[in-house]
Amino acid sequence: MPSLPIRGIGAELDDGNELRFVDQRTFGGWHLDEYTPGAEGGLPVSIAHIAADPFDPAYDPAAVVEVLRRKDTEIKRALLDQTVVSGVGNIYADEALWRAQLRGRRRTKGIPRAGLLSLLDQARSVIVEAITVGGTSFDDLYVNVNGESGYFDRSLNSYGRHGLPCPRCGTLIVREQFMNRGSRFCPRCQPAPRRRTRS
Ligand SMILES: [Zn+2]
């Protein structure tokens, strides 16, 4: 095996094997955890609060819609909330909101159930498409096992397109700060909330 620079930490296990943690993006960490009681061995306690992702057999979009409506918060904030639904990151959220024609600052309570269901459906589709082509890599460090970047970012309709025409209506895509991240949206197809929202 070629010798590669390995960043991260490792531990020798009781059986003599070595366990190593290598984190390309350096956001991660590791620790030992207890399991919750439950079917199929339960979940590690520290992640038991994390909601199902759209591919989990336990995922129930109709139930998520009810959680969203009870939250009464901005829809993008709710979509990124891992206790509501997990697996939807900032870029996927922007893309799903563009497809569902919803402004991220709209409050969940004012969005019809059908609109919320459609948004969840779009979020799932976005993730499926991203996985199919290898993710939204836009960082040289973030590559697949063959050392290749993903190409999904090239097919996004809002991310990376601020100042460029919306693929649906031609209005220029706008970028704004939201939750310390960039949000991109079409000001025409994703209309602003009718009343001013608290933020
Ligand atoms: Zn548009």
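For reference, positions follow the sequence shown, starting with 1. These values consider heavy atoms only, across backbone and side chains, with no hydrogens, waters or symmetry-generated copies. In each ligand, atom 1 is the first atom listed, and ligand 1 is the first ligand listed.
In this structure, OG in S86 is found 10.5 Å from CG in D81, a value given to the nearest 0.5 Å. Between the OG atom of S125 and the CZ atom of R99 there is a distance of 6.5 Å, given to the nearest 0.5 Å. The CZ atom of R77 sits 11.5 Å away from the OG1 atom of T108 when rounded to the nearest 0.5 Å.
At least one side-chain heavy atom of S183 sits under 4.5 Å from a side-chain heavy atom of D94.
Protein contacts to the Zn ion (ligand 1) involving N, O or S atoms at a distance below 2.8 Å are C166 SG, C169 SG, C186 SG, C189 SG.
Judged by distance alone, the side chains of S46 and D33 do bring a donor and an acceptor atom under 3.5 Å apart.
The side-chain tip of R168 points at the ring of W98 from less than 6.0 angstrom away and within 45° of straight on.
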